[in-house]
Amino acid sequence: MKKLKNWDNKTWLSSKSYISQFNKFLKTKINLNKNSKILDIGCGRANIISALHKKYKFKNKPTGIDIIANKDVKKNIIFKKVDAIKYLKKHDKYDLILIKQTIHFFPTKKLKLLLNLVKIRLNPKGKLLIFSLKTKNNKIPCFKKMQIELLKSLKRDELLFKIIRKNLKKTKESLFKYKVKIPTKKYLGMIKSRYISCLLNMNNKDLIKGIEELRLKHSDKINFTDTLKCISFKN
């Protein structure tokens with residue numbers, strides 16, 4: 001599969017409003033302070049942990065890892081272009097390990113290994129938070145072929161959730177909801193830039209056809225609720 005580069009590039013996921021609401025949600029899951037050590041697996045441009053560092057002034061800068069090194073990764077964090085499993089085999093322990101909208105890129109065997117390594121790398125009372133798209137009744141605006149591909153991806157996510165629950169045993173689940181209000185033109189630009197993984201392998205002809213389908217379907221604005229499932233595990 002091609003690498004996902006634009007999921008947090010000038011989308012609602014990179015907006016100040018989204019980041020603020022997401023970090024408020026994190027506060028309900030874990031008590032952070034200046035001594036907290038944080039690892040973000042699949043951090044993208046590191047918007048989340050960058051905002052956390054601005055707020056808490058951590059003694060140790062948060063670490064973000066990804067297999068893609070975007071030129072505009074936030075500068076106030078430690079970024080490493082590295083495979084998550086390789087990194088976890090060698091590095092420190094953390095109070096919070098965050099895996100946001102990334103698990104679907106892991107084959108099942110690697111996911112099991114990842115989870116086992118995470119348990120080793122969590123401090124006592126440390127917490128793992130996994131976020132992924134809600135699989136039932138998802139509201140992401142789609143054209144017909146995109147909807148088919150997204151549903152395939154979400155079905156696979158359900159299998160991955162079962163692996164996570166089985167491996168981690170004691171988990172809790174909740175939902176993070178964000179109300180998206182976006183100009184249709186901007187959303188179509190996001191589709192064109194393949195902001196979501198179900199678009200990565202779609203051919204250009206189908207993508208252009210889908211953009212036109214959405215243009216005819218929506219007026220000037222698109223409103224919907226972006227919902228993530230949060231699976232939390234405490235060491």
Side-chain angles (χ1 to χ4, degrees), residues 1-28 42-48 50-51 66 68 70-74 98 100-105 130-158 160-161 173-230:
M1 181 181 277
K2 298 175 184 176
K3 294 178 180 177
L4 188 64
K5 298 179 180 180
N6 289 310
W7 64 273
D8 65 344
N9 183 22
K10 297 178 182 178
T11 69
W12 67 84
L13 298 169
S14 60
S15 69
K16 288 183 179 179
S17 172
Y18 181 91
I19 293 164
S20 174
Q21 288 192 38
F22 185 84
N23 285 344
K24 284 179 182 177
F25 182 85
L26 284 185
K27 194 175 179 180
T28 68
C43 68
R45 290 164 175 80
N47 294 309
I48 299 295
S50 172
D66 208 314
I68 298 172
N70 294 291
K71 63 180 181 180
D72 47 356
V73 172
K74 298 298 183 183
L98 180 65
K100 184 175 182 291
Q101 292 175 264
T102 303
I103 61 161
H104 54 286
F105 290 113
I130 300 173
F131 291 85
S132 193
L133 284 177
K134 178 187 173 188
T135 55
K136 303 295 184 184
N137 196 28
N138 194 283
K139 300 297 184 181
I140 296 288
C142 293
F143 54 87
K144 188 174 180 180
K145 184 153 189 177
M146 178 183 174
Q147 182 73 41
I148 292 169
E149 295 303 315
L150 179 61
L151 287 174
K152 287 180 185 176
S153 177
L154 295 178
K155 283 183 180 179
R156 183 174 181 273
D157 284 358
E158 283 288 353
L160 298 180
F161 292 154
E173 296 186 10
S174 54
L175 296 176
F176 168 69
K177 297 182 179 182
Y178 180 77
K179 291 184 178 180
V180 180
K181 297 179 180 179
I182 187 169
T184 300
K185 184 177 180 180
K186 184 173 182 179
Y187 186 69
L188 296 182
M190 289 171 55
I191 295 288
K192 188 176 181 180
S193 69
R194 301 173 190 265
Y195 84 98
I196 190 169
S197 58
C198 64
L199 296 174
L200 288 179
N201 294 323
M202 194 172 292
N203 64 54
N204 287 333
K205 183 179 178 181
D206 286 335
L207 193 68
I208 292 168
K209 183 180 178 183
I211 288 172
E212 187 58 28
E213 182 183 320
L214 285 172
R215 194 193 313 277
L216 294 172
K217 184 177 179 181
H218 297 280
S219 55
D220 293 340
K221 297 257 185 178
I222 294 177
N223 299 327
F224 69 99
T225 300
D226 182 17
T227 306
L228 299 180
K229 178 183 286 188
C230 172

Test item: [X] side-chain N/O and [Y] main-chain N/O as donor-acceptor pair under 3.5 Å:
X	Y	answer
Thr184	Ser219	yes
Glu213	Lys144	yes
Arg156	His104	yes
Tyr187	Leu214	no
Arg194	Met202	yes
Ser14	Thr11	yes
Ser15	Leu13	no

Gap between atom [atom2] of [Y] and atom [atom1] of [X] - 0.5 Å precision:
X	Y	atom1	atom2	result
Cys142	Ile196	SG	CD1	6.5 Å
Thr28	Asn23	OG1	CG	11.0 Å
Cys230	Glu173	SG	CD	9.0 Å
Asn70	Arg45	CG	CZ	3.5 Å
Lys192	Asn204	NZ	CG	9.5 Å
Leu98	Cys43	CG	SG	9.5 Å

Worked verdict on Lys152 versus Glu149 for salt bridge (Lys or Arg N to Asp or Glu O under 4.0 Å): CA-CA 5 Å; Lys152 287 180 185 176; Glu149 295 303 315; 3.4 Å; yes
Stepwise side chain to side chain contact (heavy atoms under 4.5 Å, CB included) check, Trp12 with Met190: CA-CA 10 Å; Trp12 67 84; Met190 289 171 55; 3.3 Å; yes
Verdict with reasoning, Leu199 to Met146, per side chain to side chain contact (heavy atoms under 4.5 Å, CB included): CA-CA 7 Å; Leu199 296 174; Met146 178 183 174; 3.7 Å; yes
Do [X] and [Y] come within less than 4.5 Å of each other through their side chains, counting heavy atoms only?
X	Y	answer
Leu26	Phe131	yes
Asn138	Thr227	no
Val180	Tyr18	no
Lys229	Asp157	no
Lys74	Asn47	yes
Glu158	Lys136	yes

Check against side chain to side chain contact (heavy atoms under 4.5 Å, CB included), Asp66 and Val73: CA-CA 11 Å; Asp66 208 314; Val73 172; over 6 Å; no
Candidate list Lys139, His218, Lys181, test side chain to side chain contact (heavy atoms under 4.5 Å, CB included), partner Asn223, passing option: Lys181
Evaluation steps, salt bridge (Lys or Arg N to Asp or Glu O under 4.0 Å), between Lys209 and Glu212: CA-CA 5 Å; Lys209 183 180 178 183; Glu212 187 58 28; over 6 Å; no
Enclosure of Asp72 CG (heavy-atom neighbours >12, cutoff 6.0 Å): yes
Evaluation steps, side chain to side chain contact (heavy atoms under 4.5 Å, CB included), between Ile103 and Phe161: CA-CA 9 Å; Ile103 61 161; Phe161 292 154; 3.8 Å; yes
Closest non-hydrogen atom pair, Phe143 against Asp206: CE1-O, 4.0 Å
Heavy-atom closest contact (Leu154 atom, Thr135 atom, distance): O-CG2, 3.5 Å
Test of ring centre spacing under 6.0 Å for Phe22 and Tyr178: no
